Amino acid sequence: MLTELSGQIERITYTNEENGYTIARVKVYGQRDLITVVGYLMSPVPGEILNLKGEWVNHPKFGEQFKVVEYKTTVPATVFGIKKYLGSGLIKGLGPVIAGRIVKKFGEKTLDIIENDIEKLSMVEGIGEKRIAMIQDAWDEQKEIRDVMMFLQSHGISSGYATKIFKQYGNRSIAVVTENPYRLAMDIFGIGFVIADSIADKLGFSKNSPLRVEAGILYVLHQLSDEGHVFYPYEYLVKKSQETLVVDKDTVAEALGNLAIDKKIVLEDLNESSDEFKENNKSVYLAKFHLCETSIATRFKILSTTPKSIRSVNVENALEWVQGQLDIRLAENQAKAIQCALENKIMVITGGPGTGKTTIIYAILKIFSKLKVKTFLAAPTGRAAKRMSETTGHEAKTIHRLLEYSFSKGGFQKNEEKPLGCDLLILDEASMIDTILMHHLIKAVPAFATVILVGDVNQLPSVGAGNVLNDIIASGAISVVELNEIFRQARESRIIVNAHKINSGILPTFEDDVPGNDFYFIHQEDPEKVLEIILELTKERIPKRFGLDPLDDIQVLTPMHKGVVGAGNLNMELQKSLNPFQQEITRGNRNFRVNDKVMQIRNNYDKEVFNGDIGRITSIRPEDDEITVMFDDREVPYAFYDLDELILAYAVSVHKSQGSEYPAVVVPVLTQHYILLQRNLIYTAVTRGRNLVVMVGTRKALAMGVHNDKTKKRYTNLRYRMS
């Protein structure tokens with residue numbers, strides 16, 4: 001239940017002109033002392049009367065504050081208030097002295113004079129035609145801002161969203177929202193279709209409005225792409241859109257036709273090879289995904305048919321030489337992988353942990369370095385790139401950095417017109433690369449270059465839409481070497497041995513009393529007690545026994561977001577346990593504290609932080625409306641209104657952990673997770689742990705996951721386009 005207050009702004013402690021975030025001291029009617037008000041207030045000024053709705057919060061440093069959810073402004077009524085209002089700097093051309101003269105002359109009629117008869121200001125000493133024109137312009141501008149904010153809030157838009165809308169559209173805000181409120185869902189991060197639809201409903205838009213149905217279909221397609229689908233079958237999409245929008249089939253079909261005409265979607269017959277749909281043989285793509293998928297197939301064909309720039313070598317001699325250089329004997333499949341790299345333009349090396357992928361990359365680099373080949377190494381995430389650099393001794397970059405992404409310059413600077421200057425490109429963690437990123441990457445590879453994709457095809461597919469590595473392998477168009485032999489040293493790790501058992505559908509074994517054991521299972525059926533065990537493991541047992549840091553070295557991975565041991569609740573409980581009593585800020589239902597472990601949940605090219613990046617909050621500065629997060633060795637500032645891009649990361653979903661390795665992982669496995677318990681999820685979770693894996697739950701739930709190899713289908717057509 002929101003509290004309502006009315007009062008007059010006495011002074012502005014802080015305001016951010018970019019987003020309207022304000023800290024103000026307000027004199028509330030009926031209260032002796034000033035109160036502190038915090039929230040998004042567009043162009044607030046002393047003397048202004050505010051009608052506020054919000055809630056009382058207790059800031060650990062600054063005490064009791066009133067947090068504004070929505071507000072309305074009215075002009076001040078008293079002579080004192082008017083004088084303060086005009087002299088606040090609100091209006092260019094009016095300072096405290098001139099404001100005092102105007103109020104002395106016109107008293108309580110001052111604002112009415114400015115609004116309706118501004119020429120009378122010439123009766124005041126020091127005000128001529130030029131100053132009157134300045135006052136008129138500034139007054140009109142402020143009036144427009146207030147009109148926009150009041151209009152938006154009167155239609156149920158919170159002050160935070162209203163500020164974002166005004167920032168996006170300025171004085172066009174009312175016109176944009178009135179004509180097509182569904183634009184908000186596409187243009188402004190944080191305002192999705194559901195909020196836009198609610199606004200449209202208040203504005204009187206019909207459920208069958210073409211604007212609504214078209215925006216709704218695009219919303220459904222975006223939701224499906226978030227689930228990994230590059231396209232969706234036509235009939236399935238129609239049904240899902242009907243359920244979401246509560247409209248009839250014909251209305252959806254008509255909207256789909258309009259979207260296709262406007263080139264926002266692409267309708268395409270499904271490939272005949274894909275015989276799973278006998279009556280549902282049409283696919284629907286968001287236009288960008290159709291472009292990306294067709295482009296990937298085309299570029300791979302160009303790469304595979306263009307002669308390579310690297311000169312041919314005697315393979316047997318090269319293998320003998322590199323084994324001598326590294327003082328090793330290569331296994332049969334390792335030698336085959338190196339031979340394939342020397343003979344082919346494009347290849348895939350896939351295999352699980354301990355199968356020698358790193359050794360192969362190192363050997364390939366050794367040979368090509370001897371040939372003076374210009375080689376680039378890349379991986380999808382910062383952590384994966386850093387690990388690649390450490391294991392190979394060669395510089396590796398993130399794909400975004402390799403392609404020189406620049407927000408200010410409009411995107412990736414490397415492309416088909418400005419290709420990468422390399423003869424060989426080696427990509428690690430290729431299973432993580434989604435359709436859009438692969439499109440941008442492969443079109444920047446010069447046609448003469450050799451490309452080697454390295455990854456574990458048995459891990460979960462990319463967080464983004466597509467199943468690129470699997471599709472490339474399934475197409476049969478690219479040479480593939482699969483590594484399946486675990487080497488002697490790796491066989492000493494229960495993590496690696498059990499990972500391969502899981503991948504083969506065999507339950508892992510647990511030998512708690514074996515010296516050097518790195519894989520444990522703690523049996524517990526009760527979710528509340530599982531939570532207690534996880535809190536004890538992360539704070540006490542693992543740090544004491546293995547000497548690991550609870551925040552830097554231990555990562556909780558969970559199959560689910562909801563529930564007692566879902567990511568949401570685990571993060572709240574782990575924050576209380578591992579990081580209490582720190583300075584904090586509340587954003588919605590989330591508290592962020594100094595020293596919190598946080599994760600970026602969307603690509604932010606301007607900040608150069610990407611979906612899945614994990615950092616630590618190093619400072620919170622309310623006076624600057626800003627926090628700072630340390631990602632690896634780089635500090636990144638976040639304005640308070642950017643904080644919807646961050647979540648706590650003491651516990652993260654298994655999907656979000658891809659491409660990362662942690663000294664220790666703790667994984668809850670319960671039957672309540674049954675919907676998500678799949679072999680590749682369990683396998684991915686286990687292979688994230690470098691030195692220690694602890695599973696907490698029931699063997700029944702673990703068996704359900706290990707025996708379930710029916711991975712959730714992703715609708716993609718890349719394999720057929722490439723074959």
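Computed from heavy atoms alone, side chains included, the values below leave out hydrogens, waters and symmetry copies. No experiment lies behind these values; they were computed from the predicted model shown. Counting from 1, the numbers follow the sequence of the chain as shown.
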Original post:
So which pairs with a foot in residues 343-367 pass salt bridge (charged side-chain N to carboxylate O under 4.0 Å, His left out), sequence neighbours left out?
Top reply: none
Subject >> Residue pairs fulfilling salt bridge (charged side-chain N to carboxylate O under 4.0 Å, His left out) with at least one residue in residues 447-468, sequence neighbours excluded >> reply: none
Restricting to non-hydrogen atoms, name the atom on [X] and the atom on [Y] that form the minimum distance, rounded to 0.1 Å.
X	Y	answer
Val665	Ala685	CG2-O, 3.9 Å
Gly466	Pro461	O-CB, 4.3 Å
Ala449	Cys422	CB-O, 3.7 Å
Tyr683	Gly352	OH-CA, 3.2 Å
Thr618	Met630	CG2-CB, 3.7 Å
Asp518	Ser493	OD2-OG, 3.0 Å

**OP:** Ignoring hydrogens and angles, state whether a donor on the side chain of Tyr638 or Gln600 is under 3.5 Å from an acceptor on the partner side chain.
**Re:** yes
By side-chain contact (heavy atoms from CB on, under 4.5 Å), which residues pair with [X], not counting sequence neighbours?
X	answer
Ala430	Ile433, Leu453, Leu469
Arg616	Leu551, Asp552, Asn595, Lys597
Ser406	Ser408, Lys409, Gln413
Ser657	Leu557, Val652, Val654, Tyr662, Arg688

Subject >> His229/Phe289 under ring-ring contact (aromatic ring centres under 6.0 Å, His included): CA gap, chis, key distance, verdict >> reply: CA-CA 10 Å; His229 303 296; Phe289 285 115; over 10 Å; no
Treating [X] as the side-chain partner and [Y] as the backbone partner, does any N or O pair qualify as donor plus acceptor under 3.5 Å?
X	Y	result
Glu635	Thr628	no
Gln339	Ala335	no
Asn503	Ala499	no
Asn344	Cys340	yes
Thr558	Ser653	no
Gln555	Ala649	yes
Asp553	Pro663	no
Gln334	Ala331	yes
Asp613	Val609	no
Ser431	Gly455	no

To the nearest 0.5 Å, tell me how far [X] [atom1] sits from [Y] [atom2].
X	Y	atom1	atom2	answer
Leu377	Thr392	CG	OG1	5.0 Å
Ile367	Leu319	CD1	CG	6.0 Å
His500	Glu485	NE2	CD	10.5 Å
Ile364	Ile338	CD1	CD1	6.0 Å
Ile472	Ile346	CD1	CD1	8.5 Å
Leu646	Asp596	CG	CG	10.5 Å

[X] atom [atom1], over 12 foreign heavy atoms within 6.0 Å:
X	atom1	result
Lys418	NZ	no
Lys336	NZ	no
Arg634	CZ	yes
Tyr362	OH	no
Lys414	NZ	yes

Original post:
Who passes ring-ring contact (aromatic ring centres under 6.0 Å, His included) against Phe631, sequence neighbours left out?
Top reply: none
**OP:** Can you sort out the partners of Arg329 under salt bridge (Lys or Arg N to Asp or Glu O under 4.0 Å), two or more places apart, ordered by chain and number?
**Re:** Glu320
Subject >> side chain to side chain contact (heavy atoms under 4.5 Å, CB included) partner of Ile426, chosen from Leu365, Val451, Ile349 >> reply: Leu365
Subject >> Member of Ile478, Thr298, Asn717, Asp471 meeting the side chain to side chain contact (heavy atoms under 4.5 Å, CB included) criterion with Met722 >> reply: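 In the set Ile478, Thr298, Asn717, Asp471, the residue that makes a side chain to side chain contact (heavy atoms under 4.5 Å, CB included) with Met722 is Ile478.
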Any side-chain heavy-atom pair of [X] and [Y] under 4.5 Å:
X	Y	result
Phe519	Val694	no
Thr350	Val454	no
Ile614	Ser660	no
Thr355	Asn484	no
Ile554	Leu692	no

Subject >> Pair Arg387 + Glu429, salt bridge at N-O below 4.0 Å >> reply: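 Here Arg387 pairs with Glu429 in a salt bridge, since their nearest N and O are under 4.0 Å apart.
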**OP:** Check whether the ring centres of Tyr219 and His222 lie less than 6.0 Å apart, and answer yes or no.
**Re:**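 No; His222 has its ring centre 6.0 Å or more from that of Tyr219.
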**OP:** For the pair Tyr715 and Phe231, name the ring-plane relationship: parallel under 30°, tilted 30 to 60°, perpendicular over 60°.
**Re:** tilted
Original post:
Which residue pairs satisfy the side-chain hydrogen bond (donor to acceptor under 3.5 Å, both in side chains) criterion with at least one member in residues 434-447, sequence neighbours excluded?
Top reply: Ser295-His439
Original post:
Tell me the side-chain hydrogen bond (donor to acceptor under 3.5 Å, both in side chains) pairs involving residues 304-319, sequence neighbours left out?
Top reply: Ser309-Asp423
Original post:
Who pairs with Glu293 by side-chain hydrogen bond (donor to acceptor under 3.5 Å, both in side chains), at least two apart in sequence or on another chain?
Top reply: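 Expected list: Tyr285, Arg721.
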Subject >> Partner residues of Thr359 under the side-chain hydrogen bond (donor to acceptor under 3.5 Å, both in side chains) criterion, sequence neighbours left out >> reply: none
Original post:
Checking salt bridge (charged side-chain N to carboxylate O under 4.0 Å, His left out) for the pair Arg299/Glu416: CA distance, chi angles, key distance, verdict?
Top reply: CA-CA 10 Å; Arg299 289 296 301 176; Glu416 59 266 63; over 6 Å; no
